[in-house]
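This report concerns only the one structure given below.
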2 protein chains.
Amino acid sequence: MKMNLDERKKKILSSVVEDYIESAEPVGSKTLVEKYHLDYSSATIRNDMKILEKEGYLEQPHVSAGRIPSTKGYRYYVDNLMKEKRLSMVDIDYINSTINGFGDVDDIFEQVADVVSKILSTPTVITRNNTDTIENIKVVKISEKLLLIVLMSKNGTVKDCIAKITDVVEDNAIDQMTSILNQNLTGTPIKELHLVLNNIIKKDLKAYSGVMEEIINSIKYEISKDMKKLNSGVEKILEKPEFSDIETVKNFINMISTKEIIDSALEKSNNNKLSIVIGSENKEVLLNDYTVISLDIEKDNKYLGKLSVIGPKRMNYAKTISTLKYINKKFNNTLKLNSKDNKVKGDYSEKRRK
Amino acid sequence: MKMNLDERKKKILSSVVEDYIESAEPVGSKTLVEKYHLDYSSATIRNDMKILEKEGYLEQPHVSAGRIPSTKGYRYYVDNLMKEKRLSMVDIDYINSTINGFGDVDDIFEQVADVVSKILSTPTVITRNNTDTIENIKVVKISEKLLLIVLMSKNGTVKDCIAKITDVVEDNAIDQMTSILNQNLTGTPIKELHLVLNNIIKKDLKAYSGVMEEIINSIKYEISKDMKKLNSGVEKILEKPEFSDIETVKNFINMISTKEIIDSALEKSNNNKLSIVIGSENKEVLLNDYTVISLDIEKDNKYLGKLSVIGPKRMNYAKTISTLKYINKKFNNTLKLNSKDNKVKGDYSEKRRK
DNA sequence: TTTAGCACTCAACATCACAAAGTGCTAAGT
DNA sequence: ACTTAGCACTTTGTGATGTTGAGTGCTAAA
């Protein structure tokens, strides 16, 4: 049930939001008249601001201060008032020169997170989708006592780990183990791998159990590494004026260091590819002063993971959104480039999918 | 030219350091008499403290405050007065249950850094030695369009990366490339790999240049990833009272986010395996309020890297040192365990060393 | 419906006084 | 010659008080 604001109120709300995003100071009626060329007197603006406050779009820190946007105010601004902004050439160049397509999907995620963090001066978090499934496993003997195990996932991530073995293993034993692993694990979601591995060791592989146990333990260790990665950018966000209070800083650092909070922040909240969760829209109370903007990364309609930006409610929504939209395009191109190569000159991707 | 302190002065200095480490408050003469059972009046203590201050062991924040240790004071304490403390059973258990020996040397470094960070509530930094040399390279075809390149180093680190290729490559071409890579790269220090790779591509490998270029680019990307890794623990250190000032917090976060500063902090400063650099002994000015304690990790007299702890000057030296010493032992056992296995039942390590 | 004018409120800052902690020095004690 | 009691002195921290300035809400007039 959204109130229909008249044009003047929209202009006022939008100006308050934009001024506050820029200055971090409560915005007064006089500032608005002077800076935003509203053709009304400050008294008129004041009346409207009062109404906007009653309707819940604005808040007043105290009676003799200007107004700041409420969560509802930011929401209205983002949904109805904000003008899309083109990303600057500098930023575009920076993105293009940094995303180089080396490495697997994981590596590209990290490169992207790093770029975004730099452009927006804000911490970013990568969440990889753990519903990804195992596509193929290879075991390679790299020396007498070391096996390299390579796990390829359906969505193009390659994980690998080293198993140290104590017994001498014949090449054909390795081949057999590899094929048994593949028979059992192909199609298994990575997050269930743990269970399936335990079953294998009990059921099928008594014969090789010594070596197999090493292999399985190594895989377990590898997949236990976290799928979420905080890409710092913390040092920059601390320069913003909302972090002039020591408690805020500590709470923030604590928050982004706490896995559970980040988990909850990044729960999928709607079906948009670009999700914006503002202030108190966050379920997690500690996040109520922050905004989390997440971009879902997909490939061939498969969800690969997401890239999230965490900042104060007073973040530059327009720039953040245009950056993420550009990144999305870039990401698709980088991934598609890989696929196209495969389709044109060989058939890695088809093969993987069959 | 170290002044010889008499017993009473030693006791006073040691008590001031220990009380200040515990309380973070300047220590007064009365506190010393009461809490540390010095059998002298506060006036006597005051006289001695004055002398200790004149000699540079103590400082006074202002005239009506107690004393705090100077860098020289901490140094004297660490070198002459500190009593070694056994690590608690809880901590020992925690270390033993966490360091599991999975993964390669890199992984073990990370596990160790994580444990130390938790036990000491302090940020830790891992520095891997980049004078390590390439021992062996393998190229494995993991699908039509993906090659896995495995780099094994002399000191037991395994790095690997994926190369996406566009041309079909025969198995024997891969074998040839592998052997050319090995001929050229074996013995090359990792930090010079970059240059050598450029030479190879110019000189030897025109024939495979397309594929080879992909391989080489992937290797370059992989080795460009940083050898230093900050293992957070920042959230805990911020709770310490020295971080009640907002500027201190920001400077600290900035400092540990700045690669160059960390680099300089970790420069080898002496020949001890356990190096302790206190406050203004740090070359880097921004580190003058902090102490960096680093443990060199070696295997068979080869320097593998180091594990460093960064904290306020007022850190718990005794506990930090005993933790690191225990970690050193643990680390050696874990590495030796690997070697022993190899010696007893096969010969991976000898082979690698020949 | 808009606006000028004005009384009112509140945060932020400065000023002041005072208590608490701890020193340095002097003079007396051992 | 060393130790100590006693006391004046210094400085920080805290709370009380006053002042300033920004910005509002309301009233009454346009």
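Just so we're on the same page: letters track the sequence lines, and every chain starts at 1. Atoms considered below: every heavy atom in the structure, side chains included; atoms not considered: hydrogens, waters and symmetry mates.
In this structure, CG of A:Asp48 is placed 15 Å from P of D:dC26, rounded to the nearest angstrom. Distance A:Asn47 CG to C:dT3 C1': 9 Å, rounded to the nearest Å. Remark: C1' of D:dG23 and CZ of A:Arg67 are 9 Å apart, rounded to the nearest angstrom. Here C:dC10 presents its P atom at 11 Å from CD of A:Gln60, a figure rounded to the nearest Å. Atom-to-atom, CG of B:Leu32 to P of C:dG22 comes out at 10 Å; the value is rounded to the nearest Å. If you measure from atom CD of A:Glu53 to atom C1' of D:dC26, you get 15 Å, rounded to the nearest angstrom. The interatomic distance linking A:Glu59 (CD) with D:dG23 (C1') rounds to 17 Å, in whole Å.
Heavy atoms of other residues, nucleotides or ligands lying less than 6.0 angstrom from NZ of A:Lys325 number 12 at most.
In this structure, B:Tyr40 has no side-chain hydrogen bond (donor to acceptor under 3.5 Å, both in side chains) partners at least two apart in sequence or on a different chain. Applying the salt bridge (charged side-chain N to carboxylate O under 4.0 Å, His left out) criterion to A:Asp48, with sequence neighbours excluded, gives A:Arg8, A:Lys9. Listed by chain and number, the residues in a salt bridge (charged side-chain N to carboxylate O under 4.0 Å, His left out) with A:Lys30 amount to none (sequence neighbours excluded). For A:Lys50, the side-chain contact (heavy atoms from CB on, under 4.5 Å) criterion is met by A:Arg67, not counting sequence neighbours.
Of the side-chain N and O atoms in A:Lys30, none sit less than 4.0 angstrom from OP1 or OP2 of D:dT24. For A:Thr44, a side-chain nitrogen or oxygen approaches OP1 or OP2 of C:dT3 to under 4.0 Å.
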message = What does the B/S/- profile of nucleotides 7-22 of chain D look like, 5' to 3', with a 4.0 Å heavy-atom cutoff to protein?
response = ---BBS---------B

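Classification of the A:Tyr74-A:Tyr317 ring pair by plane angle, with boundaries at 30° and 60°, yields tilted. Below 30°, between 30° and 60°, or above 60°: for B:Tyr57 and B:Tyr76 the angle between ring planes is above 60°, a perpendicular geometry. Taking the six-membered ring for Trp and thresholds of 30 and 60 degrees, B:Phe252 and B:Tyr290 have ring planes inclined between 30 and 60 degrees apart.
Of the candidate nucleotides C:dT3, D:dG25, D:dT4, D:dG25 has the atom nearest to the side chain of A:Lys50.
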request  = Please lay out, stage by stage, how A:Asp6 and A:Lys10 fare under the test salt bridge (charged side-chain N to carboxylate O under 4.0 Å, His left out).
outcome  = CA-CA 6 Å; A:Asp6 62 42; A:Lys10 284 182 184 171; over 6 Å; no

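Here B:Ser42 lies out of heavy-atom contact (under 4.0 Å) with every strand.
Near DNA chain C, meaning a heavy atom under 4.0 Å from it, residues 12-28 of chain A has no residue at all.
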